[in-house]
Amino acid sequence: MSQHALLSAGAKAWRSIPCFRAELRLDLTLGCGQTFRWRETGKDHWTGVMGGRVWTLTQTEDTLWYHVYSSQGGPGLVNGQKRKAGLGPQCSGKRLKGMKDVKEEDDELGLDTVSSVQVEKEEKLLRDYFQLSVKLVDLYKEWSSADQHFNHTGSIFTGVRMLRQDPVECLFSFICSSNNHISRIQGMVERLCNTLGTPLCTLDDTHYHDFPSIQALADSKVEACLRDLGFGYRARFLQQSANLIMSSHGPDWLHSLRSVPYLQAREALRTLPGVGLKVADCVSLMSLEKSEAVPVDTHVWQIAKRDYSCAAGSGQKTLTDKVYNEIGDFFRKLWGPYAGWAHSVLFCADLKKFQNLKEVAIKEEKIVEVVADPEDVSESSRCH
DNA sequence: TGTCAACCTGT
DNA sequence: CAGGTTGAC
């Protein structure tokens, strides 16, 4: 039985990319709700599916480490000639069977020889996924000089960067997000992949599958199938959106929206059932390279009012399209063309699961307070 | 334009 | 109620 890779164990082949922690924090970036596919499989080790492969990632102060698992079909069987995931019996909510012919990997001792072109391909895949060419530290500096509140929060929540995700995975994951919370979305996306996605490999009894194709999602049986899996009313949105894309645009349509201006792409997405402004902005920002897109949910609305005294819609009960756009414009004016990136830092900082980071920061501040001049506290906490 | 209920399911 | 969307006043 193959196991999840651990850097300290040294049993598997690891490769690395120079990358400072300030440029990328895996725990925050993979756990802030922009992707639902990564799990912590060891201390600070994250395993997930990306680019049709299964990866485990971890990091040290100045290095990003990664291990890519060989899939059953070998590296040749990525995008394109995937096995069709059946819609048949396994759609009744039961565990996908037929996994017993899974071949054991034999890369335990690094026996798998990987060509240098393959290595370069995988490294490029990872660099593109994390958009490492975008200098996050420089962006933090710009946002901090324009915004005092960001200066404070950003000094604690460093390394939160936008992923460049696959548009298909991003769209259908966020259609699931409506009226829902992160942990349940994670479970739903996992069931979606296990049921309709191509199997990739098995690690410690966990089956990893690729995200389903639009074709698979467009099948008319999918709605009933997903309702059985607990998707509720979102089941119909998923199938209908997939069907609409296939019947009136084609499988490459989503991807093609990368070369279209932000607002145009957002409007195109909004024609899909289950896709409103918020979901369209998530997909635009997280998979279509629209760094200025600012997804406004009830949470971000609170942040705008509470931390920025943003007047937009302050006297209203519901988040109308008008107010939605005003809040987005407010943040774009404040933060500039990468406003969506900045927004995710504050969003991350507001998540319940990361509140402990603030407590640590407060304790460290108090230590500074005792050591340094007690009268100069307010300044010392700001200039960091 | 703005407001409201309904939509599924789990905590 | 939960990181929303839709359809109807």
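Per chain, numbering begins at 1; letters A, B, ... match sequence-line order.
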Heavy atoms only, 4.0 Å cut-off, all strands: where does [X] land among base, sugar-phosphate and nothing?
X: A:V275; answer: sugar-phosphate
X: A:L351; answer: nothing
X: A:L319; answer: nothing
X: A:K278; answer: base

Would you measure the distance from the [atom1] atom in [N] across to the matching atom in [M] and give it in whole Å?
N: B:dC4; M: C:dC1; atom1: P; value: 16 Å
N: C:dT5; M: B:dG10; atom1: P; value: 22 Å
N: C:dG7; M: B:dT9; atom1: C1'; value: 22 Å

Validation row, ring centre [X] to ring centre [Y] under 6.0 Å:
X: A:H67; Y: A:W46; answer: no
X: A:F150; Y: A:H152; answer: no
X: A:Y208; Y: A:Y69; answer: no
X: A:F174; Y: A:F36; answer: yes

First of A:G274 and A:H299 reached from the 5' end of DNA chain C, by closest nucleotide: A:H299
When A:P273 and A:C32 are each assigned the nearest nucleotide of DNA chain C, the 5'-most assignment goes to A:C32
Heavy-atom protein contacts under 4.0 Å, nucleotides 6-11 of chain B, coded B base, S sugar-phosphate only, - none: -BBB--
Where does the chain A footprint on DNA chain C start and end, counting 5' to 3' with a 4.0 Å heavy-atom cut-off? C:dA2 to C:dT6
Between A:H209 and A:H207, how do the two ring planes meet: parallel, tilted or perpendicular, split at 30° and 60°?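 Aromatic pair A:H209/A:H207 classed perpendicular.
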Do other residues, nucleotides or ligands put more than 12 heavy atoms under 6.0 Å from [X] [atom1]?
X: A:K305; atom1: NZ; answer: yes
X: A:K141; atom1: NZ; answer: no
X: A:K124; atom1: NZ; answer: no
X: A:F354; atom1: CZ; answer: yes

Secondary structure of DNA chain C in dot-bracket form (Watson-Crick or G-U wobble, distances below 3.5 Å, | marking inter-strand pairs): ||.||||||
According to a hydrophobic-cluster definition based on side-chain heavy atoms being under 4.5 Å apart (Ile, Leu, Val, Met, Phe, Trp, Tyr only), do A:F157 and A:F20 belong together? no
Using a strict threshold of under 4.0 Å (side-chain N to carboxylate O), is an ion pair present between A:D219 and A:K221?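 No.
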